[in-house]
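Small disclaimer: the values here were computed from a predicted structure and weren't measured. Letters A, B, ... mirror the listed sequences (proteins, then strands); counts begin at 1.
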2 protein chains.
Amino acid sequence: MTDTRLPDVRGRGFPSRTALADAARWLDAHTAALPAEEVPLGDAAGRVLAVDVAAPADLPPADRAARDGVAVAAEATLGAGGYNPILLTAGQAIRVSAGDPLPPGADAVLPVEAAQTSPLGVEVLDALPAGSGVERRGEQAKAGAVLLPAGRVLRPQDIGLLATLGLDGVAVVRRPAVRILIAGGPRAGSEADAAMLAALVRRDGGVPELRGPFGPAALVAALTEPSADMVLVCGRTGLGADDEAPLALADAGALAVHGVALRPGDSAGLGLAGGVPVALLPGEPAACATLYDLLAGRAVRRLGERPADPPYAMRRVPAARKLVSEIGFAEVHRVRLTERGAEPVASAAVAGLAAVARADGFVLIPAESEGVPAGAEITVWMYDSPADAL
Amino acid sequence: MTDTRLPDVRGRGFPSRTALADAARWLDAHTAALPAEEVPLGDAAGRVLAVDVAAPADLPPADRAARDGVAVAAEATLGAGGYNPILLTAGQAIRVSAGDPLPPGADAVLPVEAAQTSPLGVEVLDALPAGSGVERRGEQAKAGAVLLPAGRVLRPQDIGLLATLGLDGVAVVRRPAVRILIAGGPRAGSEADAAMLAALVRRDGGVPELRGPFGPAALVAALTEPSADMVLVCGRTGLGADDEAPLALADAGALAVHGVALRPGDSAGLGLAGGVPVALLPGEPAACATLYDLLAGRAVRRLGERPADPPYAMRRVPAARKLVSEIGFAEVHRVRLTERGAEPVASAAVAGLAAVARADGFVLIPAESEGVPAGAEITVWMYDSPADAL
């Protein structure tokens, strides 16, 4: 946290900008994982498990039939075959369904096809070793074994496993409450930002709360209201006379960063209000999306104990054309993948959401690079491919 | 649809089983994409777009400022520089914010840093070509251009784009209503199946409705109730005396397939009730999950116009050990990925959800294969990596 006021950049320009990595570090230092909450199993898929879940007892708790068939003592089937059926009485050969506990004395389950009912009992048509068709006590897991580790994003099958344990709820990391404040009166893109940010926050496991648009005084008041885990302020971050969001944050708490060496979106800011991290996002929607994915969204994801990086799989492909980037700024270029490699979808780094929609993903060119030549291998963050958890 | 009754297999075994591909073909032939519905933008992320969305007008509709700065006629800046400022009057140099329409006569926007306010007007510190700092009418998209194609799974950024067009709702494919009927009285695994199937259906874009457990007569009645797009019956599909789900489906409509050459889960079935496709899933939870992913879930996904195949990315890795499979059955082996390759997590194909939870994914060995040797390249369907949309 800074105790010196950052300069008012309106009409003057940024004297300097914070490197993207430094801005991310500041934000990471001001966010920690939220506590756990108990949710019903029906709501738990996709949530982040807060604690290790261990088997309360052996799974299964006793030997049981692994298939539909006839439970027998294996030694009684010795020598049986299609041409040599062995007759067992009803008491020696008991029909069971998969999952039934084994009757006393039985240690194998004949498949249905190997057991023929006769008036005198059951004819066994096959010899079985002990344990055949049987699931042993503890075969799936021993009592105390960790079945699902803390931090796991719960799969549908995990929900089934938790139900098997007799649970009807589970402790998961609380979803971050993310307040989205739209700064300034109605302006081009403000509805787009609001709808998009709410969807991005939901994608990253947060619960968005949309508010505004707000003038400067109302923005200060909204910034100091309690009960959010993170605040996004969208719009009015730039160099115009009406770009009052950074000043509002300085008034409401502290403006720690204003100006990030990233394009699009270099007017972004970071700070604190009421101890809660606040990100100032530029109002141009493509820039807003960029800053959310690469910076502000880190906090949403970290609060919910998800990986901090943008949740996109990375793919190595050749650049179909030269990509030029200004030294001193990290630059995001939206690209689509063709058979020639990654093709930029628009001439400029800022190109609006229509260009973003044409893109399969984006390339982040670091600040120290002046770009990449055609044919060079680059890393594309793929919009439609969530990051591999491995 | 079949018009001959399939045999009652209880206590006898399957006379034959349908190949997995044939079962999938039958199901595909009985499912078609659902009609569209209009939803508010706030609910549209992740939904499947039902129609092409085109730009209603040029985007942007007129030339506008692409940055905060000072709008000027480019030719008036000719020769300007840090050592040669050119003075423009207030009428020739108008402060604009990014997104503002260009004032008449202006064709470029000076960055804030290149314009210095003086008592006489604005000093220009840099020469600009026409169009610099300007976003041209139609630069993002021309009127009528398709911005988002039908079938697109809407991204958060797409929601922003739709808002930019002034829309507050959008036509998406209706979510399939999937009735999940739990067959039989309380049994091991029935709560697990119910919770897991509901989560799987939601993952695939459906709306689950959980019912049961049902005895045989109530199951027939539930199968003939209208209003679902797809019905899953879970449990009571096998060879035991109480395995009455196939008979209930035959009574309620038609049982077209009973017995699929797939392990685990070979007692699965397919049919129709009231014209609606019905899948019979085995009650053992790991088998139930397998049959849902590889067979029943196809219908849920196709109804919602999503890709029919299981929604997992495929990864080619070596088999860390020999995998043995019986000819005549497709077999699913759950594996975890280690540095040696894909390691089976359990000795058998059916191993319960605890083993499934230890797995990173599964290998499907086709019916005509007797398995793969250690070191052979195999395809693993990865549980935590949704299929790449490309």
Non-neighbouring partners of B:Asp58 that pass salt bridge (Lys or Arg N to Asp or Glu O under 4.0 Å), sequence neighbours left out
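Per chain and number, B:Asp58 pairs via salt bridge (Lys or Arg N to Asp or Glu O under 4.0 Å) with B:Arg137.
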[options]: which one forms the most heavy-atom pairs within less than 4.5 Å of chain A?
| options | answer |
| --- | --- |
| B:Leu154, B:Leu210, B:Val112, B:Leu148 | B:Val112 |
| B:Arg203, B:Gln116, B:Glu113 | B:Glu113 |
| B:Leu41, B:Leu161, B:Val153 | B:Leu161 |
| B:Gly160, B:Ala194, B:Ala115 | B:Gly160 |
| B:Ala163, B:Pro156, B:Ser97 | B:Pro156 |

Between atom CZ of A:Arg95 and atom CG of B:Asp242, what is the distance when rounded to the nearest 0.5 Å?
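The CZ atom of A:Arg95 sits 12.0 Å away from the CG atom of B:Asp242.
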Find the distance between OG1 (B:Thr117) and CZ (A:Arg12) and round it off to the nearest 0.5 Å.
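Result: 9.5 Å between the selected atoms.
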Side chains of A:Leu239 and B:Arg67 in contact at under 4.5 Å (non-hydrogen atoms)
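A:Leu239 vs B:Arg67: side chains apart.
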Heavy-atom check, side chain of B:Asp68 versus side chain of A:Arg10, under 4.5 Å
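No. Closest side-chain heavy atoms not under 4.5 Å.
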Using non-hydrogen atoms and a 4.5 Å limit, figure out which bit of [X] sits close to chain B: side chain, backbone, both or neither.
| X | result |
| --- | --- |
| A:Ala359 | backbone |
| A:Ala357 | both |
| A:Asp168 | neither |
| A:Asp158 | side chain |

At a heavy-atom separation under 4.5 Å, does [X] approach chain A through its side chain, its backbone, both, or neither?
| X | answer |
| --- | --- |
| B:Thr164 | both |
| B:Tyr292 | neither |
| B:Asp243 | side chain |

What option among A:Ala192, A:Ala98, A:Ala145 has the most heavy-atom pairs under 4.5 Å with chain B?
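Among A:Ala192, A:Ala98, A:Ala145, the one with the most close pairs to chain B is A:Ala192.
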Among A:Leu353, A:Leu200, A:Asp384, find the one that has a side chain to side chain contact (heavy atoms under 4.5 Å, CB included) with B:Arg155.
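Only one of A:Leu353, A:Leu200, A:Asp384 forms a side chain to side chain contact (heavy atoms under 4.5 Å, CB included) with B:Arg155, namely A:Asp384.
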For B:Ala45, is there any backbone N or O sitting under 3.5 Å from a side-chain donor or acceptor partner on A:Arg202?
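Looks like no, no N/O pair under 3.5 Å.
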A quick test of your reading: do over 12 heavy atoms of other residues, nucleotides or ligands sit less than 6.0 Å from CZ of A:Arg336?
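Count not over threshold, so no.
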